Amino acid sequence: MAERIPVPAAREGTHCTAAQYEELYRRSIDDPDGFWAEEARRLDWFTAPTRIADWSYDPVAIRWFEDGVLNLCHNCVDRHLPERADDVAILWEGDEPGNVRTLTFRELHAEVVRMANALKQLGASKGDRITLYFPMIPEAAIAMLACARIGAIHSVVFGGFSPEALHGRIVDCASRFVITCDGGMRGGKLVPLKANVDAALAEGTPVEAVIVVCHLGNEIAFNPATDHWYHEMADLDGDCPCASMNAEDPLFILYTSGSTGKPKGVLHTTGGYAVWAATTFHYVFDYRPGELFWCTADVGWVTGHTYVVYGPLANGATTLMFEGVPNYPDSSRFWDMVERHKVDIFYTAPTAIRALMREGDGPVKKHDRSSIRLLGTVGEPINPEAWLWYWRVVGDERCPIVDTWWQTETAGIMITTLPGAHDMKPGSAGLPFFGVVPELVDADGQVLEGAASGNLCLARSWPGQMRTVYGDHERFAQTYFSAYRGKYFTGDGCRRDEDGYYWITGRVDDVLNVAGHRLGTAEVESALVSHPKVAEAAVVGYPHDIKGQGIYAYVTLVVDAEPDAALEQELRQHVRTEISPIATPDIIHFTPALPKTRSGKIMRRILRKIAENEFGSLGDTSTLADPSLVDALIEGRRNR
Ligand code: WTA
């Protein structure tokens, strides 16, 4: 029986008690149109929607609020000016402790207008795709909001991605504009963003103009044909009205890894995304005016989009943006910042919690954390041990923890407990958010009732659902709606217990979750085989104490290549430059061959088991072309 921890007494005036949850959830299912028409009123609409839900999973066509007109930048910035112009919208801290900058809503408005005017001056307009490549600085949020303001579609590329990966993402959506900065700092190290953009553009792209924000003042190459120093652009201060956007006009593209092929451009549209971001933020974090909200995610990931930028700002919240890393200058950095800024709500990833837990309680306890009211986690399953440490040591058994399950595809939180409503079970995300209908399905597509384990599907659409894969609607239908007809398949395995709580067990497809970062095994494999000495590669995940999953690469070499330590190092470096340091294999296992069926299919199940050190449960190996290979692979694993 799993541990059940009663939720600490709700604050007075909590946005949702247990009884309210029951009532609201039932209403969201029985009368979705009525429910979401009401929730949509959290936003300012230029024309309020009258048509609410209109979707089909077969064929796949998803629309929400389709006759509504709004602008998300207006909702995040302009509409707060009458009441809270002088409240802090963004509180930023740089890589060096104490390097702090604040932007009030008034200042944020002025900055966003300037950036929007800069985009217009260069010829950008509604519907253009604009690639953003930034460290965690306010200009990243400003650029996102500026795109939303003029109706351009932003595609934020994580600043840790390589020029190669950036190039692929620019080309896929045919961006004509890039906004970046000279460089960023992470843990005392310079990240040469502008140089990476230059390298990406050198490979050929449709980019016509690059806006370069000066952040560090580091030396950069400047190409007068394309580059524009942002601070040297003139005439940017005039008014720039918010474009009227139909609810179904695209808001952004965000590339994410799937089980096959190159990363796909997840497309979100304006109205449904805005409603999902605003509504989930309101209920899950039980936010009150004046509180400081800190989500430690990077804006290069969906968590940064929804819970660093849009969700908080749409609610008029103060959002803390942090440029650095949890262990610089030392492993008390998070708690030092919590103490100095008096953070009310703290939202981070299990991998960070596990890494900090390893440093012991000291770095946490030496800082005052009494300002924290609520803790949250996101991005991967949290093991009960890490959950309990977070609860006992960070939150002093005083702060509720929300373990929020969701995906890039869902826009925002889908399964969680609510802090004023639900008991918590360490390791379980909890219960469905309003409008969410999880189903567990077995391999034959049978829907399982009651306590059960299966593949997690969602039976109904929700406003924040992705609308398509940019430029490839067929891939969208194929990826998410073909495994189980009439349902959205999440790619996750899951258990539901006797209380209806959901326990996510991790991906059941070929997607890895490494330190909360999503990576396709196929991407890492194709990076490896692009090295001239590699003949074939098969990549699987294996349990890793800190990262949740580590990357295990089986590699066969071309004749004449030596499987030595130098080559191992070279291959690691190769993957870093092809994709990103986050994709670096933890273990490279050279093997003369990969286990294949007689028809030539790589038997990943066996490779996974061997990487997991589960030699006893390899299952049937009789269909292998060369069964003796398995013993050699096991031997190789034992030696690592
Ligand atoms: C995993 C991140 C367990 C899951 C928001 C999902 C989680 C993938 C949780 C999406 C959680 C996310 N518990 N697993 N609370 N949150 N995941 O697109 O496997 O980067 O499918 O979105 O992360 O990763 P993505």
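Ligands are counted one by one from 1 in listed order, and the atoms in each one are counted from 1 as well. The structure presented is a predicted model; accordingly, all values stated were derived computationally and were not measured.
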Trainee: Would Arg169 and Phe161 count as a cation-pi pair here, with the cationic atom under 6.0 angstrom from the ring centre and within 45° of the axis?
Mentor: yes

Trainee: Can you tell me how the ring of Phe281 sits relative to the ring of Tyr307, calling it parallel under 30°, perpendicular over 60° and tilted otherwise?
Mentor: parallel

Trainee: Distance alone, cut at 3.5 Å: any donor-acceptor contact between the side chains of Tyr287 and Asp344?
Mentor: no

Trainee: Residue by residue, ordered by chain and number, which ones reach under 4.0 Å of ligand 1 with a heavy atom?
Mentor: Val302, Thr303, Val378, Gly379, Glu380, Pro381, Asp403, Thr404, Trp405, Trp406, Gln407, Thr408, Asp492, Ile504, Arg507, Asn513, Arg518

Trainee: Applying ring pair (Phe, Tyr, Trp, His ring centres under 6.0 Å), can you list everything that pairs with Tyr554, at least two apart in sequence or on another chain?
Mentor: Tyr552, His589

Trainee: What is the ring orientation for Trp301 with Phe158, classed by angle as parallel under 30°, tilted 30 to 60°, or perpendicular over 60°?
Mentor: tilted

Trainee: Whether the Arg129 and Tyr470 side chains hold a donor-acceptor pair (N or O, under 3.5 Å, no angle test) is what I'd like checked.
Mentor: yes

